[in-house]
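Below is one structure, written out as structure tokens; the observations come after it.
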Amino acid sequence: MTQPDDPNQQPPHANQQPPHANQQPYPQPPGYGFPGTPPRRKGRFLKVAGLGCAGALGLVVLIAALSASGGGSDDGGNTAADSSAGTEEKGPDTKKKASEQADGPVKLTAEPAEFSKSVLADGSDYTSVRVTVANDGDDEVSVNPLYFTITDTGGTKHTVELGVDEEQIDTVDLAPGENISGTVTGKGTFTPQYVTYTDGLLGDPVRVDVS
């Protein structure tokens, strides 16, 4: 049986659209999946943690730098003190005496000698000393008139004049056990006090009194 229409019922609007079958609900803001739960602030936590680690690392580096600086200062002070002590113990005089008294391979003797004028000598006065060089080592020893100097009693050093004395010492290489004698001559008249021989001009000097 058909029911009579309700006089208060509104007929459907001609333009009213039915709800769409595929219509999606409005997306909810992130972090609000559960009502009443505040969003997690991960960014702030990581930032605070990063600042804390950086501060701790900086403190460690600063402590290490201060420790290294303090150690360097202590070592530097000890080194300077040791260097100063070494300088006092090994002064120029000590080094010179050690080289003069060293028991090296060269044995040197010297004595006054008469000057024997050669054709190369001019009219000046000369003073000669007879020296003997002996090789008491295991290696060759070079001998050359230029390796000698003569120091007089006034402290003046005289270089050797080449070829002016006929008995000038030869230029040779002495084998172990060999020796050679000859004169070395300085220009002028003076009283020789000692003769100094230096092997190769750069070796250790050997000094002997003229007697």
If I compare all heavy atoms of Ser211 with all of Pro112, which pair ends up nearest, and what's the gap? O-CD, 3.8 Å

What about Tyr126 and Val210, same hydrophobic cluster or not, with Ile/Leu/Val/Met/Phe/Trp/Tyr joined at side-chain heavy-atom distances under 4.5 Å? no

Going by heavy atoms in the side chains, are Phe148 and Val131 under 4.5 Å from each other? yes

Hydrophobic cluster membership, Val164 vs Val129, 4.5 Å side-chain cutoff: no

Please list, chain by chain and in numerical order, all residues satisfying side chain to side chain contact (heavy atoms under 4.5 Å, CB included) with Thr191, sequence neighbours excluded. Thr153

Straight-line distance of Leu108 CG to Thr196 OG1, nearest 0.5 Å: 8.5 Å

Can you give each donor-acceptor pair under 3.5 Å made by side-chain atoms of residues 176-184, sequence neighbours left out, with the distance rounded to 0.1 Å?
| from | atom 1 | to | atom 2 | distance (Å) |
| --- | --- | --- | --- | --- |
| Glu178 | OE1 | Ala175 | N | 2.9 |
| Ser181 | OG | Thr132 | OG1 | 2.7 |
| Thr183 | OG1 | Glu167 | O | 3.0 |
| Thr183 | OG1 | Gln168 | N | 3.3 |

Give a yes or no on whether the backbone of Asp125 and the side-chain of Thr189 come within a donor-acceptor separation of less than 3.5 Å. no

hydrophobic_cluster_shared for Ile150 and Phe115, side chain cutoff 4.5 Å: no

Measure the spacing between CZ of Arg207 and OG1 of Thr198 and express it to the nearest 0.5 Å. 11.5 Å

Out of curiosity, Asp139 CG to Leu174 CG, how far, rounded to the nearest 0.5 Å? 12.5 Å

Residues which pass side chain to side chain contact (heavy atoms under 4.5 Å, CB included) with Asp138, listed by chain and number, not counting sequence neighbours: none

What are the two closest heavy atoms between Gly186 and His158, and how far apart are they? CA-CB, 4.5 Å

Distance (rounded to the nearest 0.5 Å) between Asp209 CG and Thr151 OG1: 10.5 Å

Residue that, paired with Lys107, satisfies side-chain contact (heavy atoms from CB on, under 4.5 Å) out of Asp136, Val133, Asn135: Asp136

Spatial distance of atom OG1 (Thr185) from atom CD1 (Ile169) [nearest 0.5 Å]: 11.0 Å

Hey, are the side chains of Asp152 and Pro192 touching, using non-hydrogen atoms and a 4.5 Å cut-off? no

Do Val141 and Tyr197 have side chains that get closer than 4.5 Å, going by heavy atoms? yes

Verdict with reasoning, Arg130 to Asp165, per side-chain contact (heavy atoms from CB on, under 4.5 Å): CA-CA 11 Å; Arg130 178 171 295 277; Asp165 194 313; over 6 Å; no

d(Asn144 CG, Asp199 CG) to nearest 0.5 Å is 10.5 Å

